Amino acid sequence: QVQLVESGGGLVQAGDSLRLSCAASGRTFSNYAMAWFRQAPGKEREFVAAISWSGSNTYYADSVKGRFTISRDNAKNTVYLQMNSLKPEDTAVYYCAASDSGPTYGSNWAWAIVYDYWGQGTQVTVSS
C-alpha cells in the first residue's frame, strides 16, 4: 500500500502559477504510475494529467494541455503538477492518485477506476 500527501495549494490570481507536490510513502514509488485529478464544487472529479512509471510518457486533459506539466522524481518519491496561466475555472480540490498496473484493456489513463490509491487533496483557488 502507498500513502499519498499533496501540498502546494493556495489562493492565487488568474494568470499566476502554482506547483503542487504529492509525496508518496510506503512502497517503491517507481512501481506506480501517477496522476492528478481535480474536483470543483458541485462537479464530478475529473482527470487532469498522468505520468508513466519512469516518467517517459505523460497524458493531459484538453482543458489543461499547454498550461500544466506533470513530472516525477522517483528518487524523491514525489510527483509534481506545475500549473501556469491559471484560470478561475481551475479552482478545485486537486488529488494525487497512484496506479500499479495502469490502464488495462478497455480503460484509459483518465479513468479514476484505474487508480488504486488517493491522497486527501489540496485546495487551489484562482481569483479573477
Side-chain angles (χ1 to χ4, degrees):
Q1 184 164 331
V2 64
Q3 291 78 45
L4 304 173
V5 178
E6 302 94 337
S7 62
L11 172 62
V12 297
Q13 293 187 333
D16 285 351
S17 298
L18 207 57
R19 188 176 82 157
L20 305 183
S21 299
C22 172
S25 61
R27 295 188 71 176
T28 304
F29 182 63
S30 59
N31 286 348
Y32 296 92
M34 302 296 296
W36 289 94
F37 284 74
R38 67 186 181 186
Q39 188 167 18
K43 295 187 177 181
E44 294 186 355
R45 191 171 298 191
E46 66 172 355
F47 171 76
V48 175
I51 188 166
S52 60
W53 299 260
S54 66
S56 57
N57 294 297
T58 56
Y59 311 87
Y60 295 94
D62 288 342
S63 59
V64 306
K65 202 171 293 183
R67 300 189 298 123
F68 291 11
T69 302
I70 188 171
S71 61
R72 66 188 297 162
D73 186 337
N74 285 346
K76 295 184 177 180
N77 295 346
T78 303
V79 62
Y80 304 98
L81 185 68
Q82 178 66 44
M83 305 185 294
N84 298 330
S85 302
L86 282 162
K87 304 175 181 180
E89 51 263 44
D90 294 319
T91 295
V93 177
Y94 283 72
Y95 297 92
C96 173
S99 171
D100 54 9
S101 63
T104 56
Y105 180 78
S107 65
N108 66 61
W109 290 98
W111 292 14
I113 197 172
V114 168
Y115 301 90
D116 308 291
Y117 306 101
W118 294 82
Q120 293 301 305
T122 185
Q123 176 71 46
V124 172
T125 303
V126 184
S127 64
S128 57

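The model shown is predicted, which means the values in this text are computed figures rather than measured ones. Keep in mind that the numbers below use all heavy atoms, side chains included, and drop hydrogens, waters and symmetry copies.
Looking at D90 and K87, no side-chain N of the basic residue comes within less than 4.0 Å of a carboxylate O on the acidic one, giving no salt bridge. The pair R27-D100 does not meet the salt-bridge criterion, since no charged nitrogen lies less than 4.0 angstrom from a carboxylate oxygen.
The CD atom of Q3 lies 11.0 Å from the SG atom of C22; values are rounded to the nearest 0.5 Å. In this structure, the separation between CD1 on I51 and OG on S56 is 8.0 Å, given to the nearest 0.5 Å.
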Taking distance alone, no hydrogens or angles, what donor-acceptor pairs closer than 3.5 Å link side-chain atoms of residues 78-86 to residues at least two apart or in another chain?
from: T78; atom 1: OG1; to: K76; atom 2: O; distance (Å): 2.8
from: Q82; atom 1: NE2; to: N84; atom 2: OD1; distance (Å): 2.9
from: N84; atom 1: OD1; to: S17; atom 2: OG; distance (Å): 2.9

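Each of V93, T91, L18 was evaluated against T125; a single residue qualifies, T91, per the side-chain contact (heavy atoms from CB on, under 4.5 Å) test. Exactly one of W109, W118, Y94, W111 qualifies for a ring-ring contact (aromatic ring centres under 6.0 Å, His included) with F37. That residue is W118.
In this structure the side chain of L20 never reaches within 4.5 angstrom of the side chain of R38, judged on heavy atoms. The closest side-chain heavy-atom distance from E89 to V126 is not below 4.5 Å.
The minimum heavy-atom distance linking S99 with G102 is given by the pair OG-N, 2.8 Å. Minimum interatomic distance between A92 and Q123 (heavy atoms only, all atoms of both residues): O-NE2, 3.5 Å. Closest of all the heavy-atom pairs between A14 and S128 is CB-CA, 4.4 Å.
Under a hydrophobic-cluster definition in which Ile, Leu, Val, Met, Phe, Trp and Tyr are linked whenever side-chain heavy atoms come within less than 4.5 Å, directly or via other members, F68 and F47 are assigned to different clusters. Transitive grouping of hydrophobic side chains (ILVMFWY, heavy atoms separated by less than 4.5 Å) brings Y32 and I70 into a common cluster. V114 and W53 fall within a single hydrophobic cluster, where Ile, Leu, Val, Met, Phe, Trp and Tyr are joined by side-chain heavy atoms under 4.5 Å apart, directly or via other members. In the hydrophobic cluster analysis, where Ile, Leu, Val, Met, Phe, Trp and Tyr join through side-chain heavy atoms closer than 4.5 angstrom, Y115 is grouped together with Y95.
E6 contributes no side-chain N or O that, together with a main-chain N or O of T122, makes up a donor-acceptor pair within less than 3.5 Å. Between the side chain of R72 and the main chain of F29, a donor-acceptor pair closer than 3.5 Å is present.
Counting non-hydrogen atoms of neighbouring residues, nucleotides and ligands closer than 6.0 angstrom, the CD atom of Q120 reaches no more than 12 such neighbours.
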